[in-house]
Amino acid sequence: MEECISVFDMLKIGVGPSSSHTLGPWRAAERFLEELKEESILDQIKRVKVDLYGSLSLTGKGHATDLSVMLGLSGQDPEYIPVENIAGIIKTIEEKNEIILADQYAVPFYFLQDIVFNKEFLPFHANGLKFTAYKADDSEYESTFYSIGGGFVVKEERTNAKIKEEIKCAFPFPVQNAVELLDYTISENKMISEIVYENEKSMRTEPEIHSELMRIWNTMLECMYIGCHSEGILPGGLNVRRRAFDMHQNLIGLSNYNSPQTWLEEIRKTEVKFRQILKWVSCFALAVNEVNASLGRVVTAPTNGSAGVIPAVLMYYLVIENHDAGEKEIKQFLMVAGEIGSIFKKGSTISAAMGGCQAEIGVSSSMAAAALCELMGGSPAQVLMAAEIAMEHHLGLTCDPIGGLVQIPCIERNTMGAIKAINAAELALETDSKNAKVPLDKVINTMWQTAKDMNSKYKETSEGGLAIAVNMADC
């Protein structure tokens with residue numbers, strides 16, 4: 001049986017700025033608390049310590065890794081916590097030198113001492129973190145996790161020991177690669193989204209699938225809305241000015257609206273010349289990633305650093321290409337995008353710490369291109385071609401965040417990924433799939449080989465590329 005990856009594994013609601021450095025460690029802290037509960041020792045803990053390793057240490061400050069583990073240990077849920085409460089919770093921990101484990105048990109916590117940044121890398125994965133709980137009888141309980149990208153968290157023993165329980169796939173159409181997916185569409189005479197829907201129905205009811213997909217989209221829409229209506233300077237010290245606000249004001253003019261949905265309708269009435277379309281798509285992507293950089297709520301798609309591509313391309317379809325589109329098309333888009341993302345995760349990586357930014361912006365662009373291509377009437381073969389084209393032109397893209405912040409060049413890269421996705425979809429639609437020379441699976445394999453060959457300083461360490469060519473003083 002193949003590993004089962006749902007659309008809802010690939011598209012997660014959480015808090016920025018990073019899926020692997022913020023959401024993953026947050027989820028790891030939650031799992032650590034669950035282990036303490038299972039061992040029946042949570043109420044016996046007198047102190048906790050967190051060791052961050054490798055990429056989590058090197059860029060952890062810029063990615064709020066330290067804040068995320070404190071929030072996770074406090075029992076906060078990244079999917080539902082009011083983002084306006086985050087600063088207050090962190091301030092209380094720092095001022096009182098105390099953390100409320102699982103929102104139940106108060107223990108001393110000195111964040112400058114109890115969160116340790118270790119530059120060395122653990123052998124299993126670049127994003128490692130170890131939790132140590134000290135009991136009243138002076139014994140210790142340790143647990144090590146790895147944040148492998150997209151908010152996914154694993155333990156090494158689960159991966160290495162086959163006898164360990166793993167999530168296995170009971171899908172009627174289990175997919176490991178693009179060839180298998182295409183074969184299913186042919187044998188079943190279904191679109192890719194229909195294959196995905198049948199798989200999802202093996203795990204959830206149809207109303208649940210509908211509700212969750214729409215909750216994901218509404219989170220994306222609200223994120224774009226907030227980003228387009230927020231001005232000022234992003235946190236972190238780079239003094240990056242938000243651009244979506246001004247760009248949006250110039251595009252929307254004096255339109256009258258009072259909600260994300262009425263805003264969408266007003267955008268449909270605006271001018272649709274080529275330059276305006278480019279600006280709108282860029283504006284949508286900028287808006288999402290500016291919210292992400294501000295510890296706002298976004299949808300990991302497939303990561304936080306690349307969270308702007310898929311909403312921007314879907315919004316483009318809704319406000320430019322098809323004014324009659326609604327929930328049906330939104331769900332179709334998200335299901336195709338999620339499936340393409342899962343194939344990349346199985347065959348390569350969605351972690352910038354493992355593969356550079358090709359694993360984030362490249363994958364998100366590929367997901368968006370495929371989804372758009374199906375909505376525009378592409379055959380399954382053309383959909384996979386669109387995914388291939390988008391990734392082919394992101395191969396080798398490095399991850400070199402200045403100051404370890406998900407801002408420069410990360411925010412702009414989302415605009416480029418979105419534009420490339422639209423272009424890739426159009427190229428695929430104008431091509432006979434029989435003439436395709438490069439299969440998607442070959443590109444995924446090439447991406448993984450490129451990731452392994454890439455110098456480690458270009459993998460989310462801030463030790464190469466723009467991260468050292470441009471320093472904080474320049475900003």
Side-chain angles (χ1 to χ4, degrees), residues 1-11 168-217 220 299 301-302 310-311 313-314 316-318 321-322 324-347 363-364 366-390 421 424-426 428-429 431-434 436 439-441 444:
M1 297 175 73
E2 308 288 0
E3 185 181 3
C4 173
I5 299 180
S6 165
V7 170
F8 304 109
D9 293 321
M10 298 305 304
L11 305 174
K168 291 296 185 177
C169 193
F171 285 170
F173 305 111
V175 174
Q176 188 67 18
N177 52 50
V179 169
E180 290 181 358
L181 178 58
L182 184 60
D183 286 345
Y184 285 134
T185 65
I186 294 170
S187 64
E188 300 297 320
N189 192 29
K190 292 180 182 293
M191 296 187 296
I192 289 175
S193 59
E194 292 174 322
I195 294 293
V196 177
Y197 191 52
E198 291 303 314
N199 284 341
E200 292 296 332
K201 286 196 295 184
S202 71
M203 301 176 68
R204 295 173 176 83
T205 66
E206 292 187 32
E208 286 173 336
I209 295 169
H210 170 84
S211 175
E212 284 302 295
L213 286 173
M214 292 311 299
R215 188 165 73 97
I216 286 169
W217 165 244
M220 289 178 171
V299 176
I310 286 172
V313 175
L314 178 49
Y316 157 80
Y317 178 78
L318 295 173
E321 287 297 332
N322 185 359
D324 295 323
E327 293 183 349
K328 174 182 176 294
E329 290 79 11
I330 290 168
K331 293 187 293 182
Q332 186 178 349
F333 187 102
L334 295 176
M335 285 190 287
V336 174
E339 184 63 29
I340 297 300
S342 75
I343 294 174
F344 272 97
K345 184 179 184 302
K346 293 167 187 171
V363 174
S364 64
S366 188
M367 293 165 68
L372 179 63
C373 187
E374 181 172 299
L375 286 186
M376 301 281 277
S379 68
Q382 287 175 316
V383 169
L384 297 178
M385 184 190 298
E388 178 275 316
I389 293 171
E426 293 293 349
L429 288 166
T431 304
D432 187 337
S433 59
K434 295 178 182 177
L440 177 56
D441 288 328
I444 293 174

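Since we're looking at a predicted model, the values are computed, not measured.
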Exercise for the section: Before giving the answer on side-chain contact (heavy atoms from CB on, under 4.5 Å), spell out for Trp217 and Leu318 the whole-Å C-alpha distance, their side-chain angles and the decisive distance to 0.1 Å. Expected result: CA-CA 12 Å; Trp217 165 244; Leu318 295 173; 3.5 Å; yes
Exercise for the section: Carefully, step by step, assess Asn177 and Lys346 under the rule side-chain contact (heavy atoms from CB on, under 4.5 Å). Expected result: CA-CA 8 Å; Asn177 52 50; Lys346 293 167 187 171; over 6 Å; no
Handout entry: Test side-chain contact (heavy atoms from CB on, under 4.5 Å) applied to Thr205 and Glu200, step by step
Key = CA-CA 8 Å; Thr205 66; Glu200 292 296 332; over 6 Å; no
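In this view, Asp432 and Lys434, Asn435 satisfy the side chain to side chain contact (heavy atoms under 4.5 Å, CB included) rule, not counting sequence neighbours. Under the side chain to side chain contact (heavy atoms under 4.5 Å, CB included) criterion, Ala369 pairs with Ala386, Ala390, Ala421, Ala424, sequence neighbours left out. For Ser202, the side chain to side chain contact (heavy atoms under 4.5 Å, CB included) criterion is met by Phe171, Pro172, not counting sequence neighbours. Scanning for side-chain hydrogen bond (donor to acceptor under 3.5 Å, both in side chains) contacts around Ser193 gives Glu374, with sequence neighbours left out. When the side chain to side chain contact (heavy atoms under 4.5 Å, CB included) test is applied to Ser379, the partners found at least two apart in sequence or on another chain are Ala381, Gln382. Partners of Glu329 according to the side-chain hydrogen bond (donor to acceptor under 3.5 Å, both in side chains) rule, which considers only residues two or more places apart in sequence or in another chain, do not exist here. Residues passing the salt bridge (charged side-chain N to carboxylate O under 4.0 Å, His left out) test with Glu426, sequence neighbours excluded: none. The side-chain hydrogen bond (donor to acceptor under 3.5 Å, both in side chains) check on Glu198 picks up Lys201, with sequence neighbours excluded. By the side-chain hydrogen bond (donor to acceptor under 3.5 Å, both in side chains) test, Glu212 pairs with Arg215, sequence neighbours left out.
The side-chain heavy atoms of Ile330 and Leu314, taken from C-beta on, include a pair separated by under 4.5 Å. Between Val7 and Asn199 there is no side-chain heavy-atom pair separated by less than 4.5 Å. A heavy-atom distance below 4.5 Å is not found between the side chains of Leu182 and Ile192. For the pair Leu429/Cys373, a side-chain contact is recorded, criterion being any heavy-atom separation below 4.5 Å from C-beta on. Taking 4.5 Å as the limit, every side-chain heavy atom of Ile195 sits out of range of all side-chain heavy atoms of Met191. The side-chain heavy atoms of Met367 and Pro302, taken from C-beta on, include a pair separated by under 4.5 Å.
The closest donor-acceptor contact from the side chain of Ser6 to the backbone of Phe8 lies under 3.5 Å. Side-chain atoms of Gln332 never come within 3.5 Å of backbone atoms of Leu375 as a donor-acceptor pair (strictly under, hydrogens ignored). With Ser187 contributing its side chain and Asp183 its backbone, the two residues share a donor-acceptor pair below 3.5 Å. Although no hydrogens or angles enter the test, the distance criterion places a donor-acceptor pair under 3.5 Å between the side chain of Asp441 and the main chain of Val179.
Between atom CD of residue Gln176 and atom OG of residue Ser342 there is a gap of 9.0 Å, rounded to the nearest 0.5 Å. Put simply, CZ on Phe333 and CG on Leu372 are 6.0 Å apart, with the number rounded to the nearest 0.5 Å. The CG atom of Asp9 sits 7.0 Å away from the SG atom of Cys4 when rounded to the nearest 0.5 Å. Met335 CE to Ile340 CD1: the interatomic distance, rounded to the nearest 0.5 Å, is 13.0 Å. Residue Leu181 holds its CG atom at 5.5 Å from CD of Glu339, rounded to the nearest 0.5 Å. Interatomic distance, CG of Asn189 versus CD of Glu194, reported as 8.5 Å (0.5 Å rounding).
Glu327 and Lys331 are not joined by a salt bridge, as no carboxylate oxygen comes within less than 4.0 angstrom of a charged side-chain nitrogen.
Applying the ring-ring contact (aromatic ring centres under 6.0 Å, His included) test to pairs two or more places apart or on separate chains, those with a residue in residues 181-213 are Phe173-Tyr184.
Closest of all the heavy-atom pairs between Ile310 and Leu11 is CD1-CD2, 4.5 Å. Leu440 and Ala178 get closest at one heavy-atom pair: CD2-CB, 3.8 Å.
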